[in-house]
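Contents: one structure, followed by commentary.
Source: prediction; values computed, not measured.
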Amino acid sequence: LIVTTDSTANVNPLADTYFYTTVDDGKCTGNTDSVLVEVKQNPLTSITPKNQTICQGIQTEITAAGGQTYLWDIGGSLGTETTDNKRTLSSIVSTYIAVQAIDAPCRGVWDTAFITIDNLPLTADFTVTPD
């Protein structure tokens, strides 16, 4: 790594890397210093269950994993970043859920699930015979 006269350099390492620099004014060589640039992997976001069908008015729990904090989007309503990795939902219409795992400063790819509401009416149908 060669540091320019303005004492800045941009780097984009793919793995943890030490970078070294030496001060040199053309006449004298000064001290050498180093810095370790650590590369963090983006978190792997996962949401379970992925897709499910529930009866209207029944609650279900959705769990996210992969981060220290999470950003939830439930049916198009984007929330704020939170440490809560679970959501309990009770819906009267089918809806989608999206979540993004965050391990600051890195953000994972959004993962999604879909809840379908089964609102078909159930009707008991039977007959009685003397036997």
Side-chain angles (χ1 to χ4, degrees):
L1 173 68
I2 298 172
V3 178
T4 60
T5 56
D6 67 359
S7 301
T8 62
N10 293 321
V11 295
N12 191 17
L14 298 176
D16 293 356
T17 306
Y18 276 98
F19 291 93
Y20 300 88
T21 187
T22 301
V23 177
D24 185 340
D25 68 359
K27 298 177 190 169
C28 301
T29 300
N31 294 338
T32 298
D33 199 0
S34 66
V35 64
L36 172 63
V37 175
E38 296 179 78
V39 177
K40 289 182 75 172
Q41 298 300 317
N42 287 335
L44 298 173
T45 307
S46 68
I47 188 171
T48 55
K50 289 287 186 196
N51 300 304
Q52 60 181 311
T53 300
I54 62 173
C55 294
Q56 190 172 16
I58 300 297
Q59 288 187 337
T60 186
E61 187 172 86
I62 304 294
T63 303
Q68 293 178 349
T69 58
Y70 300 91
L71 187 57
W72 291 87
D73 182 339
I74 300 174
S77 178
L78 186 62
T80 58
E81 190 175 325
T82 178
T83 57
D84 297 337
N85 73 325
K86 292 184 181 188
R87 287 286 192 263
T88 301
L89 304 169
S90 177
S91 186
I92 58 171
V93 296
S94 298
T95 190
Y96 75 91
I97 299 99
V99 67
Q100 180 183 48
I102 302 167
D103 191 4
C106 303
R107 293 176 174 267
V109 175
W110 288 87
D111 195 11
T112 60
F114 193 79
I115 297 176
T116 302
I117 302 301
D118 181 358
N119 55 10
L120 293 176
L122 297 176
T123 305
D125 187 16
F126 60 92
T127 59
V128 178
T129 63
D131 295 337

Just jot down the side-chain contact (heavy atoms from CB on, under 4.5 Å) partners of [X], sequence neighbours excluded, or say none.
| X | value |
| --- | --- |
| Thr82 | Trp72, Asp84, Arg87 |
| Thr63 | Thr48, Glu61, Asn85, Lys86 |
| Leu44 | none |
| Thr116 | Thr53, Ser94, Phe114 |

Hphob cluster co-occupancy, Leu71 + Ile62, side-chain heavy atoms under 4.5 angstrom: no
Joint hydrophobic cluster, Tyr70 plus Ile97, side-chain heavy atoms closer than 4.5 Å: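 Cluster IDs for Tyr70 and Ile97 match.
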Flag if over 12 foreign heavy atoms under 6.0 Å of CG, Asn51: yes
Nearest-0.5 Å distance that lies between atom CD1 in Ile58 and atom CG in Leu89: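 Taking CD1 in Ile58 and CG in Leu89, the distance rounds to 13.5 Å.
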Euclidean distance, Thr69 OG1 relative to Ile102 CD1, rounded to 0.5 Å: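 Spacing of CD1 (Ile102) from OG1 (Thr69) equals 4.0 Å.
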Output a table of donor-acceptor pairs, distance under 3.5 Å, between side-chain atoms of residues 32-43 and any protein atom two or more places apart or on a different chain; print 'none' if there are none.
unit_1	atom_1	unit_2	atom_2	d
Thr32	OG1	Thr22	OG1	2.7
Lys40	NZ	Ala104	O	2.7

Test log, rule side-chain contact (heavy atoms from CB on, under 4.5 Å), inputs Gln59 and Ile54: CA-CA 8 Å; Gln59 288 187 337; Ile54 62 173; over 6 Å; no
Partner residues of Thr60 under the side-chain hydrogen bond (donor to acceptor under 3.5 Å, both in side chains) criterion, sequence neighbours left out: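 Testing Thr60 for side-chain hydrogen bond (donor to acceptor under 3.5 Å, both in side chains), a comparison that skips the adjacent residues, returns Gln52.
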Thr45 side-chain N/O to Val109 backbone N/O, donor-acceptor pair under 3.5 Å: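 Between the backbone of Val109 and the side chain of Thr45 there is a qualifying donor-acceptor contact (under 3.5 Å).
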Over all atoms of both residues, closest heavy-atom pair of Gly75 and Thr95: CA-OG1, 3.2 Å
For Ala101 against Gly66, the heavy-atom pair lying closest together: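 So the two residues come closest at CB-C, 3.7 Å.
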pair Gln100-Asp73: side-chain heavy atoms closer than 4.5 Å: no
